[in-house]
Amino acid sequence: MTAVRTETPGSPWAPLASKVFRALWIAQLVSNLGTWMQTVGAQWILVDQPNAATLVSLVQTATTLPVMLLSIPSGVLADLVDRRRLLIVAQTAMAILATLLTVFTATGHTTPVLLLTLLFLLGCGQALTAPAWQAVQPDLVPRSQIPAAAALGSMSNNIGRAVGPAIAGVLVSLSGPTLVFALNAVSFTGILIVLLRWKRPRLDDDLPVERPIAALLAGLRFIRAAPAVRRVLLRCLLFLAPGSALWALLPLVAHGRLQLSSSGYGLLLAALGAGAVFGATQLSRVRRFLAPTGMLAVAALAFAAATLGAALVPNMPVVLALLVVGGFGWMIAMSTMNSTMQLLLPGWVRARGLSVYQLVFMGGQAIGSLAWGLVAERHGTVTALVAATVLLVVCAISTRWWPVRISSLDTTPSTHWQDPVLDFEPAPADGPVLVLETYHVPEELTADFTAAMTRVGRSRQRTGATEWRLYRDVGHADRFIEAFTVRSWSEHMRQHQLRLTATDAAAEARVAEFTIGEGRTLHLIAVTPPDPARSWWRT
């Protein structure tokens, strides 16, 4: 192990050289183990209840539904407040809830309704912290190590999924669910200690705090004007829609076609988890030979092989081997898409963008699982898994036409805009703001100029413009006027001071190659017109 853990930039262990990242990763690994142990303990409490099948399935619903409901609001919140403080508050609340669950269980007061309610609230805590967890990673490791950091995060989740239930099964059989609930409550302590000791640098920002709705709309505008980000979301859906079939139908394969007990089903899950952990250790090696698009294609084919094996192969050892391959593919796909999103999102909108990715991820799995369950019920498990295999192969082939490109957005902050010269100071809420930029373009360069301005238009919309247009002056053939609108003066100042990146600077530099002379910039604040009815009354 010592020989593998080199601290070279390409090493899968390189992010662990960061003291804070290493401490948080270890603490989060312990917390993930506790979370999966808690799930087993909760299911064990409900197995002897009336309607046990429904109640046990509601355990997963109670823990995953909050992610569907709160992912977008939590992303907005993580971009508006200090992420470290948000994590501290949420982890403290979850520790208190886990402690209450332990006390109620120990005293025999845990009813199904109370249990599911506490699990739902704990799920809300997880949903609130997920975007913030991912958004702080670029604050802890260099940009070149973000893919490795994402892989280590996925490894932590998969170790928790593979090992936590096994530990919980032993502990519950020995002493009941109270002990696993208590261990889960204690598992939050490590994260809290690390977060309290972490001194995150404060960013100087004199601008008013964004309002939640305005911040949400700004995040959605960024995604709409960032084709590279939308492409990652598309690739996530194309993979998860068929990929969810194996996760949803594997219990039926284990119980029906393979005639396995619950421990045999656990072995199948362990094979997937082992493949995922192996994939995390090999991710940097794979990246030396394949670009992100190629990695997604290989991942889809690997998961297709596992899905087809679960459908058709009768030999248990072969199925296990194929599931290891599938786990490897799952890890490669998840870490590639996650790290690509982090690399494409600037700091000011990172948590909002990741929350949209999380919603697509969880929604794709939830809806996909339901859809494949309905297909299996009507046409059989084998038919559903074979159909999912075909779609995974199509997903791999589609990378030829819909690739992902990490280098298309350079999110390095840039402050290349000059502050406007003011004759009076607008109030932060004044607006909308109309910005007019004049360009002089020789006739022979008009086509190149207009093509370059398309990228500038996307830049304006990514950073806050609600509308953008390019006009040509009919009285002066060489004069073009760019017009874009921002909803308020404070948001326009955020464009100036916080939201511009190296990609935006490069787009404007490209436009400058086709213009001559000095341009002119005008900033216009909308003035509310008088109410016509009131004006008529006064006259």
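What you see is a predicted model; the values in this text were computed from it and never measured.
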Atom pair CG/CZ of Leu216 and Arg221 - distance to nearest 0.5 Å: 9.5 Å

Exercise: do Arg235 and Ser398 side chains pair donor with acceptor under 3.5 Å: yes

Side chain to side chain, Leu115 and Thr111, heavy atoms closer than 4.5 Å: no

Donor + acceptor pair across side chains of Asp504, Thr501 (<3.5 Å): yes

Parallel, tilted or perpendicular: ring planes of Trp417 versus His492, cut at 30 and 60 degrees: tilted

Side-chain (Arg22) to main-chain (Leu16) donor-acceptor, under 3.5 angstrom: yes

Donor-acceptor contact present, side-chain Thr102 to main-chain Ala182, <3.5 Å: yes

Enumerate, atom names and distances included, each donor-acceptor pair closer than 3.5 Å involving a side-chain atom of residues 91-98, sequence neighbours excluded.
residue	atom	partner	partner atom	Å
Thr92	OG1	Ile88	O	2.7

N/O donor-acceptor pair under 3.5 Å between Asp79 side chain and Ala351 backbone: yes

Spacing of CG belonging to Asn184 relative to OG belonging to Ser187, to within rounding of 0.5 Å: 4.5 Å

Whether Thr107 side chain and Val103 backbone form a donor-acceptor pair below 3.5 Å: yes

Output field: ring centroids Phe21/Trp198 closer than 6.0 Å: no

Side chains of Val180 and Gln38 in contact at under 4.5 Å (non-hydrogen atoms): no

Val229/Leu345 under side chain to side chain contact (heavy atoms under 4.5 Å, CB included): CA gap, chis, key distance, verdict: CA-CA 8 Å; Val229 173; Leu345 293 168; 4.3 Å; yes

Residues forming a side-chain hydrogen bond (donor to acceptor under 3.5 Å, both in side chains) with Thr340, sequence neighbours excluded: none

Proximity of Trp372 and Trp247 rings by center, below 6.0 Å: no

Donor-acceptor pair, side chain of Arg83 and main chain of Ala78, under 3.5 angstrom: yes

Side chains of Arg350 and Leu354 in contact at under 4.5 Å (non-hydrogen atoms): yes

Under the side-chain hydrogen bond (donor to acceptor under 3.5 Å, both in side chains) test, residues paired with Arg499 that sit two or more places apart: Glu210, Glu491

Donor-acceptor under 3.5 Å (Arg487 side chain, Gly431 main chain): no

Side-chain (Thr110) to main-chain (Thr105) donor-acceptor, under 3.5 angstrom: yes

Asn338-Gln342 side chain donor-acceptor pair, cut-off 3.5 Å: yes

Side chains of Thr411 and Leu343 in contact at under 4.5 Å (non-hydrogen atoms): no

Check: Leu498 and Arg494 side chains under 4.5 Å, non-hydrogen atoms: yes

Test item: Arg460 side-chain N/O and Trp468 main-chain N/O as donor-acceptor pair under 3.5 Å: no

More than 12 heavy atoms from other groups under 6.0 Å of CZ on Arg231: yes

No-hydrogen, no-angle side-chain donor-acceptor test under 3.5 Å, Gln358 and Ser71: no

Expected output: side-chain Ser244 to main-chain Leu240 donor-acceptor under 3.5 Å: yes

CE-CG distance between Met334 and Leu296, expressed to the nearest 0.5 angstrom: 8.5 Å

Distance-only donor-acceptor check, side chains Thr466 and Thr485, under 3.5 Å: no

Gln461 and Phe222, any side-chain heavy atoms less than 4.5 Å apart: no

Side-chain donor/acceptor of Thr336 to backbone N/O of Ala333, under 3.5 Å: no

